[in-house]
Amino acid sequence: MHNYLSIKDVTNLNQLVQVAQQCKAQPFAHQALGKNKTLVLLFMNPSLRTRLSTQKAAQNLGMNCIVMNLQQGWQLEFEDGVRMDTTKAEHIREAAAVISQYADIIGLRSFPTLTDRDQDYADFFIQQLTRYASVPVVSLESAIRHPLQSLADALTIAEYQKKERPKVVLTWAPHLKALPQAVGNSFVEFMQQRDVNLMVTHPKGYELAPEFIKSTPVEYDQAKAFENADFIYAKNWSSYESYGKILPIDQDWMITMKLMQQTNNAKFMHCLPVRRNVVVEDAVLNSDHSVVIEQANNRTFAAQAVLKRILETKR
Ligand code: CP
């Protein structure tokens, strides 16, 4: 593996999940692999889980890790061929080349504009970094994907599944703000490569992009989708069609205990952070249904598996 930007960089997802399981069982077994190697993490947006778990993953592999916030104070210009007469002090072309001298691997967290669909779906920021960096690049969430989250999700489902081919339902849930489609997009991409019975449920108007949803079944009746589900994965996203908009809906899509009772005693998943009693009611999060804390724990081992694979490829 060179870069880790999407499922397309993974040759065998089942094997990568197994590597993550091995990292979890023996986190310090490969401390020599990262000796004298440096991971630089760049954040254009705030983060708790991605920031801390990726640092921990690097430490588990014996790597040094440097973190830099780009959202305040140091703004980069990503557009080529522009006159740099704005507040953006440095071009990604120089920045990526310079950071590549300090880093063996670079991670970037960026967000979509949610106004320019073409730019967002070209995954502009991470593609520009990848273009100008001379070392591998790992997505810490881009405009349209969150592949480290999805690998942790796949690991979590593998740990909790009680039967072959469990029913996994990705359900849209309400939120106050317009959010990216990245987690939903990436989750369906990963689940399409796992041996699961995947279904997506959301109100009309919240269809995911055709290149992500492909032939995955969509059920517009949330209660029906929950029937016999083994895993409920809740996430809000803004509209793809009416790009970046929050649309009016005619019922409350919050995940409740009443809905969970329709399931096959399903595990409840969410990537976090989650707004209690907006996305999901307290009773679900506080119950044995919820695996969100272990899901967040698995972020470390997903990141560790990816860093391990990249370091092994670089040797
Ligand atoms: N799930 C996730 O990416 O969390 P953070 O935004 O805290 O990194």
Side-chain angles (χ1 to χ4, degrees), residues 4-7 20 24 39-60 65-72 105-114 120 123 125-126 129 137-157 159-160 168 170-191 212 231-238 255 267-276 278-280 284-285 290-307:
Y4 184 74
L5 309 184
S6 82
I7 190 77
K24 190 169 183 177
L39 175 67
V40 170
L41 302 180
L42 306 173
F43 284 87
M44 296 171 75
N45 308 93
S47 160
L48 186 154
R49 276 143 293 273
T50 307
R51 183 175 177 138
L52 299 183
S53 65
T54 312
Q55 285 185 72
K56 187 164 165 54
Q59 287 166 3
N60 286 355
C65 187
I66 304 170
V67 183
M68 184 169 180
N69 295 328
L70 296 178
Q71 71 263 42
Q72 288 153 350
I105 303 173
I106 305 173
L108 176 68
R109 159 67 74 96
S110 63
F111 251 39
T113 62
L114 291 182
D120 288 347
D123 231 354
F125 294 113
I126 199 138
L129 172 62
V137 173
V138 172
S139 170
L140 307 174
E141 186 174 355
S142 73
I144 54 167
R145 290 186 173 91
H146 199 349
L148 284 179
Q149 180 66 55
S150 304
L151 181 56
D153 299 339
L155 172 58
T156 307
I157 289 171
E159 285 178 340
Y160 284 96
V168 176
L170 170 66
T171 178
W172 185 92
H175 202 279
L176 307 175
K177 296 195 313 191
L179 295 184
Q181 294 108 31
V183 170
N185 284 344
S186 234
F187 184 72
V188 295
E189 270 189 328
F190 274 66
M191 286 301 115
F212 286 95
F231 292 89
I232 297 296
Y233 194 113
K235 184 72 184 87
N236 173 270
W237 59 87
S238 58
I255 316 308
K267 294 302 180 195
F268 174 81
M269 299 175 69
H270 189 284
C271 62
L272 304 183
V274 70
R275 287 182 183 249
R276 283 174 170 258
V278 174
V279 172
V280 54
V284 176
L285 269 181
S290 177
V291 294
V292 298
I293 303 303
E294 197 54 35
Q295 187 183 351
N297 185 33
N298 284 339
R299 290 294 309 274
T300 298
F301 308 108
Q304 195 170 333
V306 167
L307 295 174

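Whatever order the structure lists ligands and atoms in, that order sets their numbers, starting from 1. In this chain, residues are counted from 1 in sequence order.
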Taking only heavy atoms of the protein into account, state which residues are under 4.0 angstrom from an atom of ligand 1, in chain and number order.
S47, L48, R49, T50, R109, H146, Q149, C271, L272, R299

Do N297 and E294 meet the criterion of a side-chain donor-acceptor pair at a distance under 3.5 Å?
yes

Is a side-chain donor-acceptor pair under 3.5 Å present for E141 with N45?
no

Mind checking what makes ring pair (Phe, Tyr, Trp, His ring centres under 6.0 Å) contact with Y233, not counting sequence neighbours?
F187

Excluding sequence neighbours, so at least two apart, what forms side chain to side chain donor-acceptor pair (under 3.5 Å) with R49?
none

Using side chain to side chain donor-acceptor pair (under 3.5 Å) as the criterion, list what pairs up with R299, not counting sequence neighbours.
T50, Q149

Would you call I144 and F212 a side-chain contact if the rule is heavy atoms closer than 4.5 Å?
yes

